Amino acid sequence: MKILNIVGARPNFMKINPIEKAMSRSSLEHVLVHTGQHYDERMSSTFFDELGIPRPQINLEVGSASHAVQVAEIMKRFEQTCLKEKPDMVLVVGDVNSTAACSLVASKLEIQVCHVEAGLRSRDRRMPEEINRLVTDVLSDLLLTTSPDADENLRAEGIPAEKIHFVGNTMIDSLVMQLEKAPEKESPKRFGVIPGEYAVLTLHRPSNVDDPAQLERILGIFAEIQNEVPIVFPMHPRTRNNLKTFGLDRKLSELKHIVITHPLSYLEFLDLYRQSRFVLTDSGGIQEETTYLKIPCITLRDNTERPVTVDVGTNYLTGTDPDTVLGVFREIMNGGGKSGRIPDLWDGHAAERIVEVLEKW
Ligand code: UD1
């Protein structure tokens with residue numbers, strides 16, 4: 001069986017990494033295809049180097065554009081790839097534009113689609129990722145899930161049970177692999193903060209950073225928090241561009257206890273958040289990684305497609321109301337936050353289970 005493994009954007013790389021490795025130990029023929037949705041060294045190639053992912057055999061080099069243009073460009077180029085490579089299956093991960101675009105191409109060419117991280121639902125269709133999840137899942141022949149709530153979502157949408165397999169979380173596989181290899185390093189020192197006495201912030205969701213009033217309101221929250229605990233903020237290019245366009249970059253630079261840095265590599269970031277007091281984020285994957293490491297996480301969103309991180313993990317879903325965020329901040333500072341446990345099958349072996357499912361398929 002020949003499988004095309006698809007990656008496009010930063011959060012895809014750590015999800016495909018263990019799958020590529022497990023497939024290399026199996027009889028499955030696999031080809032890694034990068035759509036080029038993310039292309040900067042710091043958003044892409046550094047992850048391949050650090051995680052030891054082989055270089056993609058095919059790069060479609062689509063780059064950034066509006067959603068429609070980006071998806072259309074991926075589809076045009078990926079159709080040619082499928083015609084040339086003639087795979088039996090296309091395996092997609094996560095919920096980025098590349099995930100949905102490649103699924104659509106494959107299914108129209110009658111190539112089987114396997115979706116890793118299927119069934120997550122925020123029920124917020126203003127999120128581009130939610131649209132990508134819905135489109136991808138409806139087209140998929142094999143739906144591999146990270147948590148039982150995802151299985152329930154898929155069954156409620158009428159997906160036959162035999163297509164759904166609860167395999168665990170490949171992003172956590174990558175984390176487990178790297179934790180074994182990477183002793184704590186000096187990230188806090190590099191940013192002038194003391195282990196256990198700082199917060200880490202990431203922010204890039206369009207709903208938080210594309211509207212000037214919303215972005216300014218959120219900056220007000222960070223202004224309060226940094227008065228009590230320093231914040232290290234690796235900044236996504238979307239956020240950096242918008243702060244500049246909206247003239248908010250100066251306001252941010254006045255906050256003396258926020259350390260701004262470029263997007264970090266996987267190991268630099270891991271080293272930074274694992275030694276932090278808590279994390280502030282609007283990312284999906286970071287909600288999972290902090291749950292695994294039992295670090296309190298304040299999620300600056302009104303909903304999450306990963307409810308298991310709130311129900312059993314250390315995640316708090318606060319939205320962006322200042323009083324709510326600051327209330328949870330105080331709870332963490334005074335009481336340490338929730339204790340949490342690691343969700344089922346987040347054990348470092350999800351990719352092996354995926355290969356087993358594929359071999360039986
Ligand atoms: C994409 C994903 C999002 C994921 C995020 C992680 C979609 C719909 N969104 O959002 O789910 O959480 O990646 O980063 O697929 N840019 C660069 N260098 C790059 C890539 C992008 O500078 O290598 C800049 C460009 O100005 C671009 C902007 O970032 O226009 C946004 O990039 P894009 O891929 O459109 O979406 P993300 O916000 O990164």
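Values in this document were obtained by computation on a predicted structure and should not be read as measured data. Ligands are counted one by one from 1 in listed order, and the atoms in each one are counted from 1 as well. Both backbone and side-chain heavy atoms feed into the values below; hydrogens, waters and symmetry mates do not.
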Polar proximity ligand 1 side, His67 side, N/O cut 3.5 Å exclusive: no

So which protein heavy atom does [atom] come closest to, and at what separation?
{"atom": "atom 27 (C) of ligand 1", "result": "Ser64 OG, 3.2 Å"}
{"atom": "atom 20 (C) of ligand 1", "result": "His38 CD2, 3.3 Å"}
{"atom": "atom 8 (C) of ligand 1", "result": "Asn97 OD1, 3.2 Å"}
{"atom": "atom 26 (O) of ligand 1", "result": "Asn241 ND2, 3.2 Å"}
{"atom": "atom 3 (C) of ligand 1", "result": "Glu129 OE2, 3.1 Å"}
{"atom": "atom 5 (C) of ligand 1", "result": "His204 NE2, 3.6 Å"}
{"atom": "atom 24 (C) of ligand 1", "result": "Pro237 CB, 3.7 Å"}
{"atom": "atom 36 (O) of ligand 1", "result": "Arg238 NH2, 3.6 Å"}

Polar contact flag, side-chain donor to acceptor under 3.5 angstrom, [X]-[Y]:
{"X": "Arg123", "Y": "Asn153", "value": "yes"}
{"X": "Arg217", "Y": "Thr320", "value": "yes"}
{"X": "Asp271", "Y": "Gln275", "value": "yes"}
{"X": "Ser187", "Y": "Tyr273", "value": "no"}

Point-to-point distance, once rounded to the nearest 0.5 Å, from OG1 of Thr291 to CD of Glu288: 8.0 Å

Residue Gln214 excluded, over 12 heavy atoms near CD under 6.0 Å: yes

CZ (Arg190) with more than 12 external heavy atoms under 6.0 Å: yes

Close approach, Ser44 and ligand 1, non-hydrogen under 4.0 angstrom: no

ring-ring contact (aromatic ring centres under 6.0 Å, His included) partner of His34, chosen from Phe13, Phe78, Phe47: Phe13

Residue Met43 vicinity, atoms of ligand 1 by number, heavy atom under 4.0 Å: 14 (O), 19 (C), 23 (O)

Residue portion contacting ligand 1 (non-hydrogen atoms closer than 4.0 Å) for Pro11: side chain

